[in-house]
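Residue numbering restarts at 1 for every chain, and letters A, B, ... go by the order of the sequence lines. Hydrogens, waters and symmetry mates are skipped; everything else that's a heavy atom, side chains included, is used.
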2 protein chains.
Amino acid sequence: MNLTIRAGRKGDLSEVYKLIEELAIYEKSENELINTIENMEQDGFGPNPAYELIVAEVDKKLVGLALYYYIYSTWKGRSLYLEDLIVTQKYRKQGIGKLLFNKVVEKAKQMKVGRFSWQVLDWNRPAIEFYKNYPTAFDEGWINCTITKKDLEKL
Amino acid sequence: MNLTIRAGRKGDLSEVYKLIEELAIYEKSENELINTIENMEQDGFGPNPAYELIVAEVDKKLVGLALYYYIYSTWKGRSLYLEDLIVTQKYRKQGIGKLLFNKVVEKAKQMKVGRFSWQVLDWNRPAIEFYKNYPTAFDEGWINCTITKKDLEKL
């Protein structure tokens, strides 16, 4: 397997978007995906990028990604948040997720962040088992709250 | 009650920090608070600020705050995340939280974000009831995962 882990580029975004779609379907939320490749180009590769991207490539085909950005914890200061870690179905269980995750860990250390955090769905056992390989604290006591763009407009 | 809602300033941070301590104690996590006023000065008021701040002042005394920043949802694009909404015990139930929250809603609309989100502890009934006054979607299916700075260094 000719595997490369590298920084994502603008030209990767159409393949990146397919992986995001695959995750949305896995998470039973495909109707939630309203972002577009064009938005992702502007948001990640213009001035003041909103996210950073690491990709996994096998024989020139994108098979996985890690997408992260920086947040602010009032308790811990500047922190890194991993929004998505995706490996396409066919390439799972081959250590690609681990290589991507380790790259994000490396970045978090390099940036000396106060903490590194992410979320996992409570029924996603393979992901939870994977994260147990790291010194991860799991905290189930929080509820995610959201107001959508559409509902914001009514307020 | 002589109440002002305004943007937070660097000079507010020592009072801001006291409110953050008060919330950490309420959330039974006072040992988790390792950030400092000095860090918050650099992080929020230098170049490339990591957060924005709105404060509530009664008779020149800081009694509440909303601290937020921008994140990236792969599903919704650029989004606003409310990290902390705090009103000091003595001034609760007087509509100050609502005024602060409404200011953040205003900001989210102005920035045309894809969504506005935050988290609430599942036992914090007064907060949950408050958020029910808005078109909030509550999602309990997620687990927060964290690796601390100390544990990152061992990886």
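Both the backbone and the side chain of K112(A) come within contact range of chain B, judged by heavy atoms closer than 4.5 Å. If you measure heavy-atom distances from Y69(A) to chain B, the contacts under 4.5 Å come from the side chain alone. Only the side chain of E83(A) comes within contact range of chain B, with heavy atoms under 4.5 Å apart. Proximity to chain B (any heavy atom under 4.5 Å) is shown, for L82(A), by neither the backbone nor the side chain. At a 4.5 Å heavy-atom cutoff, E52(A) makes no contact with chain B through either its backbone or its side chain. Both the backbone and the side chain of D43(A) come within less than 4.5 Å of a heavy atom in chain B. Residue F138(A) touches chain B through both its backbone and its side chain, counting heavy-atom pairs closer than 4.5 Å.
In terms of heavy-atom pairs under 4.5 Å with chain A, the best-connected choice from L121(B), T36(B), L33(B), I34(B) is L121(B). Put simply, of Q119(B), M40(B), R115(B), the one with the most heavy-atom pairs under 4.5 Å next to chain A is Q119(B). Per-residue counts of heavy-atom pairs under 4.5 Å with chain A were compared for G114(B), A50(B), A108(B); the largest is that of A50(B). Annotation: maximal heavy-atom pairing with chain A below 4.5 Å, among N124(B), I71(B), V113(B), occurs at I71(B). The candidate with the highest count of non-hydrogen atom pairs below 4.5 Å against chain A, out of S79(B), G77(B), A137(B), is A137(B).
Of all heavy-atom pairs between I147(B) and P135(A), the closest is CG1-O, 3.9 Å.
Taking CD1 of I143(B) as the start and CD1 of I128(A) as the end, the distance is 4.0 Å to the nearest 0.5 Å.
Ring orientation note: the planes of F101(B) and Y131(B) are tilted relative to one another, at an angle of 30° to 60°.
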